[in-house]
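To keep things clear, I will list the structure first and then write my remarks on it.
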Number of protein chains: 2
Amino acid sequence: MPKITFFNLPEDKRENLVLAAKKEFARVPLYQASISNIIKDAKIPRGSFYQYFDDKEDAFFYLLNSHVSSYKLHFVQTIHKNNGDIFDAMIDFYTAIITEEKENMQFLRNLFLNMTHRIGNVMTRSFGETDLNEDFKKITNLINHEQLNIEDEHELFHMMQIISSVTFHNIVKKFARELPFDEAVNNYRTEIYLLKKGFVSG
Amino acid sequence: MPKITFFNLPEDKRENLVLAAKKEFARVPLYQASISNIIKDAKIPRGSFYQYFDDKEDAFFYLLNSHVSSYKLHFVQTIHKNNGDIFDAMIDFYTAIITEEKENMQFLRNLFLNMTHRIGNVMTRSFGETDLNEDFKKITNLINHEQLNIEDEHELFHMMQIISSVTFHNIVKKFARELPFDEAVNNYRTEIYLLKKGFVSG
DNA sequence: GTTGACTTATGACACGGTGTCATATAGAAT
DNA sequence: ATTCTATATGACACCGTGTCATAAGTCAAC
């Protein structure tokens, strides 16, 4: 977490610093990003940076969290929009992510191509942290269970884990191979379809 | 790839260097590993390291590749052992990975908890690089298709993608949460079971 | 056994990034 | 005014990287 001093900053100065950080993290992944670049861009002295953040990671995770918050909101809306059909909602959500705008896109690209566990954990703590998580319940309550071939909470939890693994992997692949939009969406559709029907005839 | 000089090295010296590198990459993930530690441990001068490798990553990927090669072999054997049942084979394989010994374990742990796309790509290039990959065909030929609810090559490919996403994620989770063996295996079994039966009744 | 051509070894060094710290400045409160 | 607290600043020590000039070794040819 950024230090109190950061939040006490006049809004324009804070915003300016945030923009510089965003720019750097859109340029390269976390481990390659440099504080030197950020302060040069934000035109603040080196010492100041350390008044606001513990280190590079602190700044990064602050940005990441704000991204995640807004995506979480968007995700909930998407489930509503699809009347609780989690599969359609995921496809909607997936297309939204891969059609982000320029700078956000670069940020996301670096994020997904360099998705360590620590980062992934921040992103999925909505459905994943502990099995009986607040956010998890909030989301699963929005899901229409009627169509689902799922016995209990436990299976539901693992279903969501699978869906998120597969979704992550599809996003990564899209960025890595620089797949055209249609191809990326078709791949994802195929995988969601396979998840629905199951791998074994029965 | 390491330079020719590396391969020209007398075996004991080369082995010694490899061990030092392994030790460092078992200690910390790639981006935190330091050449300084490796050369200190291997008792070679700094300049020598650069005679053998381009940089840290070069050494890392050399090690990674040799790991991957041996796992690939093991994977093929596992499919045979399970008479082409890919699901049973995966569970076998999963348990083998999470029961690795001490130093290998630490190496794997750092590997999976810091699995960027570049690293993941090396590990799954068996089934994934290009859709009609040699290795992919070699592996899918070993799989018993009778039980599968799969229409064609294309679906098969995506099935394998899904299985590998889910497997990766389960390994990561095992390491991250330091799950006891039984819990980790049960989680994985559940997810494989769900993949087999499908999420939607019908 | 000396020369020359090539390969390998070595460690000092320049460079760049990090995090700290002593000092300066500002603001508020009494 | 004075004191207390919060903030700002940039020089600096530290450490890791990759390079490069130089030294040492190998080997074949003469």
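What you are looking at is a predicted structure, and each value in this text was computed from that prediction instead of being measured. Lettering of chains follows the sequences in order, A, B, ..., and the numbering in each one begins at 1.
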Got a sec, which residues hit salt bridge (charged side-chain N to carboxylate O under 4.0 Å, His left out) with A:Glu178, two or more places apart in sequence or on another chain?
-> A:Arg109
Between the protein and nucleotides 4-7 of chain C, which nitrogen or oxygen pairs come in under 3.5 angstrom?
none

Look at all strands and tell whether A:Lys40 reaches a base, only sugar-phosphate, or nothing, counting heavy atoms closer than 4.0 Å.
-> nothing
Drop me the distance from B:Ile35's CD1 to B:Asp55's CG, to the nearest 0.5 angstrom.
-> 6.5 Å
Within 6.0 Å of NE2 in B:His80, more than 12 heavy atoms from elsewhere = no
Scan B:Lys3 against the nucleic acid and name what it touches under 4.0 Å (heavy atoms): base, sugar-phosphate only, or nothing.
-> nothing
N-O pairing of B:Arg118 and B:Glu57 below 4.0 Å | yes
State which residues pass salt bridge (charged side-chain N to carboxylate O under 4.0 Å, His left out) with A:Glu155; sequence neighbours excluded, sorted by chain then number.
-> B:Lys197
Quick one: is B:Tyr52 getting a side-chain N or O under 4.0 Å of the C:dT8 phosphate, OP1 or OP2?
-> no
By nearest-nucleotide position on DNA chain C, the 5'-leaning member of B:Pro10 and B:Arg46 is B:Pro10
Gap between atom CD of B:Gln161 and atom OG1 of A:Thr190 - 0.5 Å precision | 11.0 Å
Between side-chain atoms of residues 7-14 of chain B and protein atoms elsewhere (two or more places apart, or another chain), which donor-acceptor pairs fall under 3.5 Å?
residue, atom, partner, partner atom, Å
B:Arg14, NH1, B:Phe7, O, 3.4

Between atom NZ of A:Lys138 and atom CD1 of A:Ile79, what is the distance when rounded to the nearest 0.5 Å?
-> 12.0 Å
Just say parallel, tilted or perpendicular for the rings of A:Phe107 and A:Phe60, cut-offs at 30° and 60°.
-> tilted
Can you label the angle between the B:Phe6 ring and the B:Phe53 ring as parallel, tilted or perpendicular, going by 30° and 60°?
-> tilted
Numerically ordered, the residues 21-39 of chain B set in heavy-atom contact under 4.0 Å with DNA chain C is none
Under 4.0 Å from any heavy atom of chain A: name the first and the last nucleotide of DNA chain D that qualifies, 5' to 3'.
-> D:dT7 to D:dG10
Residue whose nearest DNA chain C nucleotide is more 5′ - B:Phe49 or A:Tyr50 | B:Phe49
Between the CD1 atom in B:Ile86 and the CG atom in B:Leu148, the distance rounded to the nearest 0.5 Å is 9.0 Å
